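Report on the structure given below.
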Amino acid sequence: MHAGQHHAATRHRPALEKTRLHFLDQFRGFALLGLPFVNVLGLWLIHAPETAADYWLQRGLNFFVEARFYTIFTFLFGLGFYMFLSRSAATGGKPRLRLYIRRLAILVLIGLIHQQYQSGEALFYYAVVGLLAVPLYWAPRRVNLLIGSAGFVLAAVMGVKLLTIPFLIVFGLAAGQYRLIDAINKGLSLRSLRMIWIPSLLGTILAIGVMWRVAPSEPMPSFLFEVAGESPSPTMEAAFTLAHIGVATGPLVSVFYLSSLLMLGRTRVGAKMLHPLQAYGRMALTNYIGQTVILVGIQRFMLNTTPTTYVVSTFVSLGIVFFQIITSHLWMRWFQYGPLEWLWRCGTYWTLVPIRKQTGDL
């Protein structure tokens with residue numbers, strides 16, 4: 001590895017604590033909070049609700065978690081797409097496509113490996129869309145906003161969750177082009193923030209109200225499916241409609257969640273509450289993969305083919321989240337990157353990037 005590569009790695013070290021965009025780390029950390037509660041449903045065998053606790057947990061997941069946190073995660077990937085290329089252009093005069101393509105090629109490999117254990121994983125699709133969407137970096141921001149918005153509406157009408165991924169990524173790219181990060185970093189006025197928060201709150205209330213009305217009164221299966229040649233039962237049909245509405249309203253609820261975080265972060269108590277999410281979000285890749293490792297490990301070595309309940313899966317997911325928040329905080333006290341983030345960066349810049357914090361940074 002030659003001096004030029006080492007210089008590239010040096011110029012792309014993580015932002016200093018004083019200049020780092022902590023709200024982005026908090027957004028990523030917040031997005032990670034909801035993922036294990038949904039992903040566990042595809043990894044474990046879970047009974048349809050048989051108790052009141054299971055019944056209400058299932059509804060809570062459908063109303064407040066499903067298609068909400070993954071929407072944030074996907075949007076932030078698109079925003080990160082813009083930030084990586086724009087920052088490389090600021091330092092090198094033009095976007096460093098070779099680094100970006102290598103970065104996403106590594107993510108494709110990570111995603112392919114991850115898919116062997118988590119069929120619902122998103123990294124592979126993120127990487128593929130990120131590669132295909134490179135030309136859109138030079139497209140006018142209005143064009144990207146139109147593509148992202150219209151494409152998502154089409155995917156939402158069709159009710160295909162996977163199809164929303166490319167358009168949410170393009171929407172994140174457009175947000176970067178519209179300098180959303182700069183606006184938040186400079187400090188949105190309370191009035192501007194309220195103009196976002198209040199309509200999104202009202203929209204969320206309306207969305208949850210519609211979902212409440214559509215949801216079947218009977219317990220739904222934990223995994224939705226259709227049998228070829230047979231009409232779905234009324235409960236299954238209502239469950240599909242509920243999931244459809246959940247996907248369509250995902251961005252609206254996500255805007256409410258993120259604007260609520262910004263509102264909360266303006267208060268001293270709120271800032272302290274959100275602080276643990278920073279280290280959690282900085283290790284997003286490690287923690288996302290780690291959630292799968294833990295859930296699959298429990299399934300294979302403890303549960304095997306034994307069905308469990310929503311109560312058990314929820315408490316286990318809570319335990320994973322708390323464990324990861326604590327370990328992320330401890331890890332980031334001594335290191336600049338999470339383990340997988342470090343490997344990803346070394347592969348991107350094709351050099352051994354220092355991982356330990358310097359003495360003055362501890």
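Worth saying up front: this structure is predicted, and the values here are computed from it rather than measured.
L33 places a side-chain heavy atom less than 4.5 Å from the side chain of L277. When side chains are defined from C-beta on, L274 does not count as touching H22, because their heavy atoms never get closer than 4.5 Å. At least one side-chain heavy atom of M236 sits less than 4.5 Å from a side-chain heavy atom of P221. Looking at N39 and T292, their side chains never come closer than 4.5 Å, going by heavy atoms from C-beta outward. Contact check for L258 versus I72: side-chain heavy atoms found under the 4.5 Å cut-off. Under the 4.5 Å side-chain criterion, counting only non-hydrogen atoms from C-beta, L97 is in contact with L85. Contact check for L340 versus M283: no side-chain heavy atoms found under the 4.5 Å cut-off. Side-chain contact between W44 and V316 is present, with at least one heavy-atom pair separated by less than 4.5 Å.
Under the 4.5 Å side-chain heavy-atom criterion for Ile, Leu, Val, Met, Phe, Trp and Tyr, L188 and L76 are members of the same hydrophobic cluster. Follow the hydrophobic side-chain contacts under 4.5 Å out from I326 and you never reach W331; the two are in separate clusters. Follow the hydrophobic side-chain contacts under 4.5 Å out from W342 and you reach L123 in the same cluster. Hydrophobic cluster membership is shared by F315 and L43, with clusters built from Ile, Leu, Val, Met, Phe, Trp and Tyr side chains linked at under 4.5 angstrom. Put simply, V160 and V129 are part of the same group of oily side chains (I, L, V, M, F, W, Y) that touch within less than 4.5 Å, one to the next.
Judged by distance alone, with hydrogens and angles left aside, the side-chain atoms of T241 form a donor-acceptor pair with the main-chain N or O of E237 at under 3.5 Å. Side chain of R68 to backbone of F63: a donor-acceptor contact under 3.5 angstrom is found. Looking only at distances, no side-chain donor or acceptor of R345 sits under 3.5 Å from a matching main-chain atom of W350. Remark: the backbone N or O of G281 is not paired with any side-chain donor or acceptor of Q278 at under 3.5 angstrom. Remark: the backbone N or O of A139 is paired with a side-chain donor or acceptor of Q177 at under 3.5 angstrom. A donor-acceptor contact shorter than 3.5 Å links the side chain of Q336 to the backbone of P354. With T309 contributing its side chain and V312 its backbone, the two residues share a donor-acceptor pair below 3.5 Å. The backbone N or O of L107 lies less than 3.5 Å from no partner atom in the side chain of Y126, so there is not a single donor-acceptor pair.
Summarising the geometry, atom CG belonging to L173 is positioned 12.5 Å from atom CE belonging to M83; distances are rounded to the nearest 0.5 Å. I46 CD1 to L57 CG: the interatomic distance, rounded to the nearest 0.5 Å, is 10.5 Å. Here the OG1 atom belonging to T305 is positioned 8.5 Å from the CD atom belonging to Q299, to the nearest 0.5 angstrom. Here M220 contributes atom CE and L242 contributes atom CG; the two are 5.0 Å apart, rounded to the nearest 0.5 Å. Atom CZ in F256 sits 9.5 Å away from atom CZ in F64 (nearest 0.5 Å). We find the CG-CZ distance between L131 and F81 to be 9.0 Å, quoted to the nearest 0.5 Å.
The shortest heavy-atom contact between S317 and P36 is OG-O, 3.4 Å. For the residue pair V353 and C346, the shortest heavy atom distance occurs at N-SG, 3.4 Å. Between S259 and I196, the closest heavy-atom pair is CB-CG2, 4.1 Å. Nearest heavy atom pair, residue L35 against residue A31, reads CG-O, 3.4 Å. Nearest heavy atom pair, residue V255 against residue S200, reads CG1-CB, 3.9 Å. Residue Q291 comes nearest to L32 through the heavy atom pair NE2-O, 3.4 Å, listed as atom of the first residue, atom of the second, then distance.
Atom NE2 of H47 has more than 12 heavy atoms from other residues, nucleotides or ligands within 6.0 Å. Within a 6.0 Å sphere centred on OH of Y117, heavy atoms belonging to other residues, nucleotides or ligands number 12 at most.
Between F171 and F152, the distance separating the two ring centers is not shorter than 6.0 angstrom. Between F69 and F37, a ring centre-to-centre spacing not shorter than 6.0 Å is recorded.
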_Worked check of side chain to side chain contact (heavy atoms under 4.5 Å, CB included) between L45 and T308_ = CA-CA 6 Å; L45 293 174; T308 187; over 6 Å; no
*Go through F23 and F27 one step at a time and tell me if the ring-ring contact (aromatic ring centres under 6.0 Å, His included) criterion holds.*
CA-CA 6 Å; F23 67 88; F27 285 177; 5.8 Å; yes
*Passes side chain to side chain contact (heavy atoms under 4.5 Å, CB included), Y70 versus L168? Steps please.*
CA-CA 10 Å; Y70 107 92; L168 287 170; 4.1 Å; yes
*Verify side chain to side chain contact (heavy atoms under 4.5 Å, CB included) between V269 and L264, making sure each step is shown before the conclusion.*
CA-CA 8 Å; V269 174; L264 189 61; over 6 Å; no
*How far apart are the C-alpha atoms of T204 and Y257, what are their side-chain angles, what is the distance that settles it, and do they pass the side-chain hydrogen bond (donor to acceptor under 3.5 Å, both in side chains) test?*
CA-CA 10 Å; T204 296; Y257 285 167; over 6 Å; no
_Worked check of side-chain hydrogen bond (donor to acceptor under 3.5 Å, both in side chains) between S88 and Y100_ = CA-CA 9 Å; S88 67; Y100 180 72; over 6 Å; no
*asked:* Pair E341, T286 - check side-chain hydrogen bond (donor to acceptor under 3.5 Å, both in side chains), show working.
replied: CA-CA 7 Å; E341 285 77 11; T286 297; 2.5 Å; yes
*Would you check, one step at a time, whether the test side chain to side chain contact (heavy atoms under 4.5 Å, CB included) holds for Y349 with R102?*
CA-CA 8 Å; Y349 297 108; R102 189 186 298 157; 5.5 Å; no
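For residues 275-310, every residue pair satisfying the ring pair (Phe, Tyr, Trp, His ring centres under 6.0 Å) rule, not counting sequence neighbours, is listed here: F73-Y288, H114-Y288.
Partners of R142 under the side chain to side chain contact (heavy atoms under 4.5 Å, CB included) rule, at least two apart in sequence or in another chain, are Y178.
In this structure, a donor-acceptor pair under 3.5 Å is absent between the side chains of R194 and S189. The closest side-chain donor-acceptor pair between S328 and N287 falls under 3.5 angstrom.
Taking the ring axis of Y337 as reference, the NZ or CZ atom of K357 does not stay both within 45° of it and closer than 6.0 Å to the ring centre. F335 carries R356 over the face of its six-membered ring, with the cationic atom under 6.0 Å from the centre and within 45° of the normal.
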